[in-house]
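For this chain, numbers begin at 1 and follow the sequence in order. Predicted model, so just to flag it, every value in this text is computed and none were measured. Hydrogens, waters and symmetry mates play no part in the numbers below; they use all other heavy atoms, side chains included.
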Amino acid sequence: MMGDGQSLRDRPPEHTDLDERCSMSNRANSTRPPSYRLHKASGQAVVTIDRKDRYLGVHGTPESRLRYERLISAWMRGEPVPAREPESSNDITVAEVCVQYLRWAEGYYVKDGKETSEIHNVKRAIKALRESYASLPAKEFSPLKLKTVRQRFIDGGLCRAGCNRFTGIVARIFRYGVENELIPPDVAHGLEAVKTLAKRRCEAPETDPVLPVDQDAIDATLPHLSPQVKAMIQVQVLLACRPGELVAMRPREIDRSGVVWVYTPRHHKTEHHGRGRFIPIGPRARLLLAPWMPDDPDRFCFPSQRSDHITVSGYRKAIYAACGLAGIEPWSPNRLRHSGATRIRQQASLDAAQVIKRGSRCSRRSAAGDRCHNPHGLLAPATFWASEAILRSPVTPRTSVCFHR
């Protein structure tokens, strides 16, 4: 028996071994790692491991987060946890850079309060990177190693465009590390030397182009659809818009003050580039939309029983089911945009079709300053041609629209 005043270092060896075994047992049985906390008195981040406080640096900084991740990784593996972490970040691993980038991406790639599809691309790129070089010091990642990761994408059956996309994300991860002074700048500079895969100059296959839907296929599908989805298909063909822009349509975003209505989506694919998006609504589209326009301007035109509006996924599944009932090959609503643009190009001009699809870019630089901020001034000529009443008339050189491609 030890006295009450006996210290730990005066304990017999068997008691010390027992304490260590108990500590390891507690660690094995723990389901939650020690938390990252703020030490209010010093403003530093702190984590308590094995009843000892480890200070990580200024709370909330990327460096303190990295030190926390490094200590927790060692703790989870059962390795000795150092009392102090080195101040230099030159030994940061590829996996740790990926953790930091993913945390940043989850807060950046958000639209309307929800993560965008880019997050899934980031996670897939990180998975391939970590499977190849997780424990490698990030400063040692070189162009040849980037090409090795790219080869994993090729071997996985990705198309050439997909391989280039995911390889670009991997390079972006290291640019983030350089931007935040986690790794030396020459790492990102070296990766810039890796060229993208050229068409028909690599092993990766090419994807088939996205073609418009044949009118016969659309006509065969419509009888098997609900009135709402049927109207959505007809409207999308006339507007040549994206499915996501169609399902999110609300009266509040539609300017009905002029002869031609102009729909300005709250969110669109290229808004992060600072581009505006204006979708003209012609006479036939207005007639098709009229029964679905709610009195409340904040309600969606195409509601769903499960949510405020039908989702793109639900829209696509309804079309696939109708194609099955019609006995034809399934087609995606994304192709309807190309169907609408093809129709406008055939009956008006290529420039008009491009303006309708993009909803931006003026033709004359002298008028760009005024017309780019005026949806009616920018789109009225193209909409004149796109209006269904005009599409049936022949195109003459005098009345053809003039917009940059």
Side-chain angles (χ1 to χ4, degrees), residues 110-114 116-117 212-213 218 221-222 225-272 275-320 322 331-341 343-344 353-360 374-376 378-380 382-383 386-388 391:
V110 176
K111 186 176 292 185
D112 203 16
K114 300 179 181 179
T116 66
S117 59
V213 187
I218 297 176
T221 307
L222 292 180
L225 292 166
S226 66
Q228 184 187 64
V229 178
K230 181 178 179 180
M232 292 174 66
I233 291 175
Q234 294 171 328
V235 170
Q236 188 181 355
V237 171
L238 296 176
L239 302 187
C241 63
R242 299 183 180 93
E245 296 167 341
L246 178 69
V247 300
M249 181 180 292
R250 300 187 305 175
R252 181 173 296 281
E253 281 94 37
I254 301 176
D255 182 359
R256 291 175 279 181
S257 60
V259 176
V260 176
W261 292 0
V262 179
Y263 169 41
T264 307
R266 286 186 304 160
H267 302 291
H268 58 89
K269 185 176 180 180
T270 59
E271 65 178 323
H272 59 284
R275 298 174 184 172
R277 176 76 171 134
F278 309 107
I279 302 174
I281 301 177
R284 289 182 60 189
R286 288 169 57 176
L287 291 176
L288 290 169
L289 274 175
W292 305 99
M293 293 284 284
D295 295 332
D296 186 351
D298 292 320
R299 292 185 61 188
F300 293 94
C301 296
F302 303 106
S304 171
Q305 294 180 351
R306 297 183 178 180
S307 60
D308 294 336
H309 63 82
I310 186 171
T311 63
V312 175
S313 176
Y315 182 30
R316 180 175 58 251
K317 290 178 180 178
I319 293 175
Y320 283 1
W331 48 268
S332 169
N334 291 304
R335 296 174 58 188
L336 291 175
R337 184 166 183 251
H338 299 278
S339 298
R343 186 185 182 199
I344 296 171
Q354 289 177 334
V355 167
I356 294 296
K357 286 185 69 175
R358 298 174 183 174
S360 61
N374 180 2
H376 293 287
L378 172 63
L379 295 175
T383 308
S387 297
E388 290 69 40
L391 281 174

Asker: Using the side chain to side chain contact (heavy atoms under 4.5 Å, CB included) criterion, which residues pair with Ser117? Sequence neighbours excluded.
Answerer: none
Asker: Which pairs count as side chain to side chain donor-acceptor pair (under 3.5 Å) when at least one residue sits in residues 287-315, sequence neighbours excluded?
Answerer: Gln236-Tyr315, Arg252-Asp298
Asker: Shortest non-hydrogen contact from Ile279 to Cys241?
Answerer: CD1-CB, 3.8 Å
Asker: Closest heavy-atom contact between Cys301 and Pro251?
Answerer: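 Looks like SG-CD, 4.1 Å.
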Asker: By side chain to side chain contact (heavy atoms under 4.5 Å, CB included), which residues pair with Ile254, not counting sequence neighbours?
Answerer: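 Partners of Ile254 by the side chain to side chain contact (heavy atoms under 4.5 Å, CB included) criterion, ordered by chain and then number, come out as Met249, Arg256, Trp261, Tyr263, Ile281, Met293.
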Asker: Going by side chain to side chain contact (heavy atoms under 4.5 Å, CB included), name the residues that satisfy it together with Val213, two or more places apart in sequence or in a different chain.
Answerer: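 Per chain and number, Val213 pairs via side chain to side chain contact (heavy atoms under 4.5 Å, CB included) with Ala217, Ile218, Trp331, Arg335, Leu336, Ser339.
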Asker: With sequence neighbours left out, what residues match Glu253 under side-chain hydrogen bond (donor to acceptor under 3.5 Å, both in side chains)?
Answerer: Arg250
Asker: So, taking the atom named CZ in Phe300 and the one named CG in Leu246, what distance separates them when rounded to the nearest 0.5 Å?
Answerer: 12.0 Å
Asker: Testing the basics here: between Thr221 and Ile319, what is the closest heavy-atom pair and its distance to 0.1 Å?
Answerer: CG2-O, 4.2 Å
Asker: Rounded at 0.5 Å granularity, tell me how far CZ in Arg284 sits from CG in Leu239.
Answerer: 11.5 Å
Asker: Less than 3.5 Å apart, which donor and acceptor atoms pair up between the side chains of residues 225-232 and the rest of the protein, not counting sequence neighbours?
Answerer:
| unit_1 | atom_1 | unit_2 | atom_2 | d |
| --- | --- | --- | --- | --- |
| Ser226 | OG | Val229 | N | 3.4 |
| Gln228 | NE2 | Pro303 | O | 3.0 |

Asker: Please enumerate all residues that pass side-chain hydrogen bond (donor to acceptor under 3.5 Å, both in side chains) together with Arg286, with sequence neighbours excluded.
Answerer: none
Asker: To the nearest 0.5 angstrom, please state how far the CG atom of Leu238 sits from the CG atom of Leu288.
Answerer: 6.0 Å
Asker: Return the set of residues passing side-chain hydrogen bond (donor to acceptor under 3.5 Å, both in side chains) with Ser332 (not counting sequence neighbours), or none when no residue passes.
Answerer: Asn334
